[in-house]
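Proteins come first, then strands; the chains are lettered A, B, ... in the order of their sequence lines, and each starts at number 1.
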Amino acid sequence: GCTAKQSTDTSERWVEVEGRRLKLTRLEKQLWPGITKAELIKYYAEMSDFILPYLRSRPMTLHLYPDGIEGKHFFRKEAPEFTPDWVRRFPYRAEDGKLINYILCGDRPTLIWLANLANIEFPITLSRIEDLEHPDLVVFDLDPFQPATFRDACMVALVLRDGLRQLGLQSWVKTSGATGLHVLVPVAPKYTFQQTREFVRRLGKMLESLMPEVLAEFRPVEERKGRVLIDFGQNSLGKTITAPYSLKPLPLAPVSTPLDWTELEKELDPREFNMHNILERVKGGGDILKPVLETPQTLDRAFEALGMG
DNA sequence: GGTATCA
DNA sequence: TGATACCAACGCTCT
DNA sequence: AGAGCG
Ligand SMILES: [Mn+2]
Ligand SMILES: [Mn+2]
């Protein structure tokens, strides 16, 4: 941490990405302890083929950390005035009547432009711009509360996967990048968030009755301790989850990483999956989560089994 | 991070 | 030239 | 009611 060096960091570089000229600025600035903005940009450049399919067709909320993970940060929905004209936008009028011009990040130039703005984390909505009110993803957001651990979340996820399979549903899993897991169920975009949320709540309740360490809804702090919360509320319009392969603004630069179900049985630490080793991991294996974008499933049978008219 | 506004 | 302000939003919990 | 959190 050399403050004097930081304040005089004028390192700049012009690059061309798929025909777009981009000015990369303050490349030596430290965004994590020991990690520069140059490394952030390099990470997303190398991972672009893996992350872009998930970002494409979903309105972006920017998560900007110009002063690093310990500095002031802010979110942004409205595309800034200085957004290059070739960046695609999606105007959307929310219920309150406010029109927001969202950025669409579907190509490498936009991804690199955002990385240069110190956009560390890339979130995704659970629905696409073609039909924002009908999600194509259902998420079981598994949050362990101390002394429950990531390992406990893995155990819950494995039981959840069995439950989903009994309902005729395939599921996939990734680390959240922080302390828990996201179990994803891709669906045809024909259900409302109210329906998918209720589906997650009910299956969560069922799991809760099977496993004492599971909590299907928020409770006072004392009751949460040592349990894994299934946060069904994540399945709502406008809510987001960390995109697969996105970095998190946390120490060691962890990555939200797709896992094979067999890996959940091992002793894992989510911090094992970070900026420095994910490229190696996906090289060869490819994107094991990709089916999530290509497997629209129907929930009709599951609704029936769970008593949802 | 980039821009606007005010001293 | 430099200091300051802006940039989302919603339900939940805790006090 | 309001602050704090995710
Ligand atoms: Mn979570
Ligand atoms: Mn959560």
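Here the separation of D:dG6 from C:dC6, taken at their P atoms, is 24 Å to the nearest Å.
A salt bridge does not link A:Arg26 to A:Glu12: none of the charged nitrogens lies less than 4.0 Å from a carboxylate oxygen. For A:Arg108 and A:Glu16, the salt-bridge test fails: no basic side-chain N is under 4.0 Å from an acidic carboxylate O.
Between the side chain of A:Ser246 and the backbone N or O of A:Phe122, at least one donor-acceptor pair lies under 3.5 Å.
Residue A:Leu117 is classed as a sugar-phosphate contact, given heavy-atom separations below 4.0 Å to backbone atoms only. A:Asp231 comes within 4.0 angstrom of nothing in the nucleic acid, heavy atoms only. Across all strands, A:Leu62 comes closer than 4.0 Å to no nucleic acid atom at all (heavy-atom distances). Across all strands shown, A:Thr25 has heavy atoms under 4.0 Å from sugar-phosphate atoms exclusively, and none from any base. A:Lys72 comes within contact range of no nucleotide atom at all, as no heavy-atom separation falls under 4.0 Å.
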- [ ] If a protein heavy atom is under 4.0 Å from the base, mark B; if only from the sugar-phosphate, S; if neither, -; do that for nucleotides 1-6 of chain C going 5' to 3'.
- [x] ------
Task: Per-nucleotide protein contact string for nucleotides 10-15 of chain C, where B marks a base within reach and S marks sugar-phosphate only (heavy atoms under 4.0 Å, - for neither) - done: --SSS-
Please list every donor-acceptor pair under 3.5 Å in which a side-chain atom of residues 171-178 of chain A meets a protein atom from a residue at least two apart or in another chain.
from, atom 1, to, atom 2, distance (Å)
A:Lys174, NZ, A:His182, ND1, 2.9
A:Lys174, NZ, A:Thr242, O, 2.7
A:Lys174, NZ, A:Ser256, OG, 2.7
A:Thr175, OG1, A:Val255, O, 3.3
A:Thr175, OG1, A:Thr257, N, 2.8
A:Ser176, OG, A:Ala178, N, 3.0
A:Ser176, OG, A:Gly180, N, 3.4

Please output the side-chain donor-acceptor pairs of residues 226-236 of chain A that fall under 3.5 Å, not counting sequence neighbours, one pair per line with the distance.
from, atom 1, to, atom 2, distance (Å)
A:Arg227, NE, A:Pro212, O, 3.3
A:Arg227, NH2, A:Pro212, O, 3.4
A:Arg227, NH2, A:Val214, O, 3.1
A:Asn235, OD1, A:Val139, N, 3.0
A:Asn235, ND2, A:Val139, O, 2.8
A:Asn235, ND2, A:Phe232, O, 3.2
A:Ser236, OG, A:Arg197, NH1, 3.1
A:Ser236, OG, A:Gly233, O, 2.8

Show the atom names and distances, to 0.1 Å, of all donor-acceptor pairs under 3.5 Å that link a side chain in residues 288-301 of chain A to residues at least two apart or in another chain.
from, atom 1, to, atom 2, distance (Å)
A:Thr295, OG1, A:Pro291, O, 2.7
A:Gln297, OE1, A:Gln170, N, 2.8
A:Gln297, NE2, A:Gln170, O, 3.0
A:Gln297, NE2, A:Pro186, O, 3.1
A:Thr298, OG1, A:Tyr191, OH, 2.8
A:Thr298, OG1, A:Asp300, N, 3.4
A:Thr298, OG1, A:Asp300, OD1, 3.4
A:Thr298, OG1, A:Asp300, OD2, 3.4
A:Asp300, OD1, A:Tyr191, OH, 2.7
A:Arg301, NH2, A:Gln166, O, 3.4

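Note: CG (A:Asp67) to P (C:dC7) measures 17 Å, nearest angstrom. Atoms CE (A:Met60) and P (C:dC7) sit 18 Å apart, rounded to a whole Å. In this structure, CD of A:Glu81 is placed 11 Å from P of C:dC7, rounded to the nearest angstrom. Atom-to-atom, CZ of A:Phe82 to P of B:dT3 comes out at 6 Å; the value is rounded to the nearest Å. In this structure, the CD1 atom of A:Ile103 is 12 Å from the C1' atom of B:dG2, given to the nearest Å. Taking atom CZ of A:Phe232 as the reference point, atom P of D:dG6 lies 18 Å away to the nearest angstrom. As rounded to whole Å, 19 Å separates atom P of C:dC7 from atom CG of A:Leu114. The CG-P distance, from A:Leu27 to B:dG1, rounds to 10 Å in whole Å.
Note on A:Leu247 and A:Leu55: same hydrophobic cluster, where clusters join Ile, Leu, Val, Met, Phe, Trp and Tyr whose side-chain heavy atoms are under 4.5 Å apart, directly or indirectly.
A close approach under 4.0 Å does occur between a side-chain nitrogen or oxygen of A:Lys37 and OP1 or OP2 of B:dG1.
Residues A:Arg58 and A:Leu137 meet the side-chain proximity criterion, which asks for heavy atoms closer than 4.5 Å.
Remark: the A:Tyr245 side chain and the A:Asp287 side chain contain an N/O donor-acceptor pair separated by less than 3.5 Å.
Partners of A:Glu121 by salt bridge (Lys or Arg N to Asp or Glu O under 4.0 Å), not counting sequence neighbours, listed by chain and number: A:Lys248.
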